[in-house]
J.: 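Before I ask anything, here is the structure I am working with.
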Number of protein chains: 2
Amino acid sequence: MADNREKDTLELCDVPVIHEDVLARVKAKMPDEDPVYEVAELFKVFGDSTRARIICALNIEEMCVCDLSALLNMTQSAISHQLRLLKVSRIVKSRKQGRVVYYSLDDSHIGQIFAMAFDHVMEEQEG
Amino acid sequence: MADNREKDTLELCDVPVIHEDVLARVKAKMPDEDPVYEVAELFKVFGDSTRARIICALNIEEMCVCDLSALLNMTQSAISHQLRLLKVSRIVKSRKQGRVVYYSLDDSHIGQIFAMAFDHVMEEQEG
DNA sequence: TGAAAGCATGAACAAGTGCTCATATATTCA
DNA sequence: TGAATATATGAGCACTTGTTCATGCTTTCA
């Protein structure tokens, strides 16, 4: 990140393009950058087994932290940390009643996306 | 995975359970462990922006490695490494023609799952 | 009011990940 | 056959991530 001398032609990545027509078409049809990054961020949150199990549980019904801990056989702290991430990502929402906090899925899309992913891995099994 | 002596009461995680009825219901309805882990693995692969962009591109049409490199402005090596992972995960397939290798999506589910995720992040935007 | 219950959070550390660099392999063509 | 092209891959490194541990906050109840 310091020495840029002798690099008048500073293409970061000067790979040759073989199919200019293909490139042009794909460039035209590619979705905008930002949504793609957001989709990747969403999948990144889904892509941890603890969080995936939490989502599967909350897709069945609302649960409090300690019940989730018992269900998944993990410490309250670990679950709580993950729930925080899921909440920041707007995947779950919470309501507090006394000293108990109940979590549930924030959006019906979430369950649908998981359902499709399940279908996919099930078919992979057979075929 | 070796030493289990002196662990007669081996609750790994003895959190109290508040709602036994909820726990019983969710336990009964929870999907099997293995598919959940596989779904998480699938999402993990989706959850990187480079791979997400590759998938978006290949969802439009088949492409070779160097065109992908040019499109995404990344080195051929970086793209090739990611394509390897995508192929092992059965998300893309490849066909070789001369010294050019063309990649495409291996399954129509993939595009559908991405489409749903896009819908989700778009609605998040609006509120 | 003080103790207990339920949950949240900061620090720290091991494990995992994505890129770069160098190099290997495979194919084409002169 | 030898050079050039297209792609693959192993090693290394900076960076990220998920858990644990200790502790703090909030609410309830005796």
Side-chain angles (χ1 to χ4, degrees), chain A residues 1-3 7 11-19 22-23 37 40-41 43-55 62-89 92-104, chain B residues 12-20 22-23 37 40-41 43-55 62-89 92-104:
Chain A
M1 194 74 85
D3 194 349
K7 288 200 114 194
E11 284 88 76
L12 169 64
C13 179
D14 55 332
V15 280
V17 173
I18 299 186
H19 311 87
V22 173
L23 205 55
Y37 284 110
E41 286 305 306
F43 284 139
K44 189 174 296 182
V45 179
F46 290 166
D48 169 76
S49 58
T50 299
R51 290 191 294 267
R53 292 197 299 157
I54 291 175
I55 292 170
E62 173 188 78
M63 289 184 78
C64 71
V65 180
C66 73
D67 286 354
L68 270 172
S69 302
L71 175 71
L72 305 182
N73 196 37
M74 296 187 65
T75 66
Q76 176 267 317
S77 178
I79 297 295
S80 197
H81 274 297
Q82 298 295 9
L83 284 171
R84 184 178 188 281
L85 211 169
L86 288 168
K87 193 171 181 184
V88 169
S89 308
V92 306
K93 62 188 173 195
S94 65
R95 75 182 172 86
K96 189 169 186 175
Q97 185 173 316
R99 51 191 168 190
V100 180
V101 178
Y102 295 94
Y103 283 87
S104 55
Chain B
L12 169 63
C13 175
D14 54 333
V15 278
V17 173
I18 300 187
H19 312 88
E20 310 229 10
V22 172
L23 203 56
Y37 284 110
E41 285 306 305
F43 284 139
K44 190 175 294 181
V45 179
F46 291 166
D48 170 77
S49 59
T50 299
R51 290 192 293 269
R53 293 198 297 158
I54 291 176
I55 292 170
E62 172 187 79
M63 291 183 78
C64 72
V65 180
C66 73
D67 287 353
L68 270 172
S69 303
L71 175 71
L72 306 181
N73 196 37
M74 296 187 65
T75 66
Q76 174 268 318
S77 179
I79 298 295
S80 196
H81 276 294
Q82 298 294 8
L83 284 171
R84 183 178 189 282
L85 211 169
L86 289 168
K87 194 173 182 183
V88 168
S89 308
V92 306
K93 61 189 174 194
S94 65
R95 75 183 171 86
K96 190 167 185 176
Q97 187 173 315
R99 52 190 168 191
V100 180
V101 179
Y102 296 93
Y103 284 88
S104 55

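Chain A is the first sequence line, chain B the second, and so forth, proteins listed ahead of strands; every chain is numbered from 1.
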J.: According to the interplanar angle, ranging from 0 to 90°, do the rings of B:Phe43 and A:Phe43 count as parallel (below 30°), tilted (30 to 60°) or perpendicular (above 60°)?
T.: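 Taking A:Phe43 first and then B:Phe43, their aromatic rings lie parallel (interplane angle under 30°).
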J.: Is there a side-chain contact between A:Leu83 and A:Leu68, using heavy atoms and a 4.5 Å cut-off?
T.: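 Yes - at least one pair of side-chain heavy atoms lies under 4.5 Å apart.
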J.: Whole angstroms only, please: what is the CZ-P distance between A:Arg84 and C:dG6?
T.: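 In whole Å, C:dG6 P lies 23 Å from A:Arg84 CZ.
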J.: Applying a 4.0 Å non-hydrogen cut-off, can you work out what B:Tyr103 is touching in the nucleic acid: base, sugar-phosphate, or nothing?
T.: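 Here B:Tyr103 touches the backbone only, sparing every base.
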J.: What does A:Ile18 touch in the nucleic acid at a heavy-atom separation under 4.0 angstrom: a base, only the sugar-phosphate, or nothing?
T.: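 If one applies the 4.0 Å heavy-atom cut-off, A:Ile18 turns out to touch the sugar-phosphate alone, with no base involved.
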J.: Using atom CD of B:Glu41 as one end and atom C1' of D:dG18 as the other, report the distance to the nearest whole Å.
T.: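 Atom CD in B:Glu41 sits about 14 Å away from atom C1' in D:dG18.
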J.: What's A:Lys44 touching, base or sugar-phosphate or nothing? Going by heavy atoms closer than 4.0 Å.
T.: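 The residue A:Lys44 makes sugar-phosphate contact but no base contact.
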J.: Side-chain N or O of B:Lys96 less than 4.0 angstrom from OP1 or OP2 on C:dT27?
T.: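 Result: yes.
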J.: Under 3.5 Å, is there a donor-acceptor pair between the side chain of B:Ser80 and the main chain of B:Gln76?
T.: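 Not at all, since once roles are kept as given, no pair shorter than 3.5 Å links the two residues.
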J.: When you measure from the side chain of A:Val101, which nucleotide among D:dA6, C:dC7, C:dG18 comes out closest?
T.: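 Of all the options, the side chain of A:Val101 is nearest to C:dC7.
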J.: How close or far is atom C1' of C:dG6 from atom CZ of A:Arg99, stated in whole angstroms?
T.: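 Between C1' of C:dG6 and CZ of A:Arg99: 7 Å.
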J.: Considering only side-chain heavy atoms of A:Thr75, which listed nucleotide, D:dA8, D:dT20, D:dT9, is closest?
T.: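 Given the options D:dA8, D:dT20, D:dT9, the side chain of A:Thr75 is closest to D:dT20.
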J.: Please give, in whole Å, the distance from D:dG18 C1' to A:Asn73 CG?
T.: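 Checked: the CG to C1' distance equals 16 Å.
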J.: Checking contacts here: which listed nucleotide (D:dA8, C:dC7, C:dG18) is nearest the side-chain heavy atoms of B:Arg51?
T.: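 For B:Arg51, the side-chain atoms sit closest to C:dG18.
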J.: Looking at A:Leu86 and A:Ile54, what are the two nearest heavy atoms and their distance?
T.: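 What the structure gives for the nearest pair is CD1-CG2, 3.8 Å.
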J.: For a side-chain hydrogen bond (donor to acceptor under 3.5 Å, both in side chains) with A:Ser94, tell me which candidate from A:Glu62, A:Arg84, A:Lys87 qualifies.
T.: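 Of all the options given, the one that passes is A:Lys87.
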J.: Is A:Ser77 side chain donor-acceptor paired with the D:dC21 base, going by distance under 3.5 Å alone?
T.: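 Check passes, donor-acceptor contact within cut-off.
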J.: Rounded to whole Å, how long is the line connecting atom CD1 of A:Ile54 with atom C1' of D:dG18?
T.: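 So the CD1-C1' distance, A:Ile54 to D:dG18, works out to 12 Å.
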J.: So which nucleotide from D:dT26, D:dA6, C:dA8 ends up closest to the side chain of A:Pro16?
T.: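 Within the option list, the nearest is D:dA6.
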J.: Select base, sugar-phosphate, or nothing to describe what B:Ile79 touches, counting heavy atoms under 4.0 Å on all strands.
T.: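 The answer is nothing, as B:Ile79 stays clear of every strand by at least 4.0 Å.
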J.: What do you reckon, do B:His81 and the base of C:dC19 stack, with centroid distance below 5.5 Å and planes below 30°?
T.: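 It does not: the ring fails the test against the base of C:dC19.
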J.: Can you find a donor-acceptor N/O pair under 3.5 angstrom joining the side chain of B:Gln76 to the base of D:dA8?
T.: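 Result: at least one qualifying N/O pair found.
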J.: Just the rounded figure in Å: distance from P of D:dT9 to NZ of B:Lys87.
T.: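 B:Lys87 atom NZ is separated from D:dT9 atom P by 9 Å.
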J.: How close or far is atom C1' of D:dA8 from atom CG of B:Leu85, stated in whole angstroms?
T.: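 After rounding, the gap between these two atoms is 14 Å.
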J.: Between B:Ile79 and B:Ser69, which heavy-atom pair has the shortest distance, and what is it?
T.: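 Reported closest heavy-atom pair: CG1-OG, 3.6 Å.
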J.: Can you tell me the distance, in whole Å, between the CG atom of B:Leu86 and the C1' atom of C:dG18?
T.: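 Spelled out: CG on B:Leu86 to C1' on C:dG18 is 13 Å.
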J.: Nearest nucleotide by nearest heavy atom, which residue falls closer to the 5' end of DNA chain D, B:Tyr102 or A:Gln82?
T.: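 Looking at DNA chain D, the more 5' nearest nucleotide goes with B:Tyr102.
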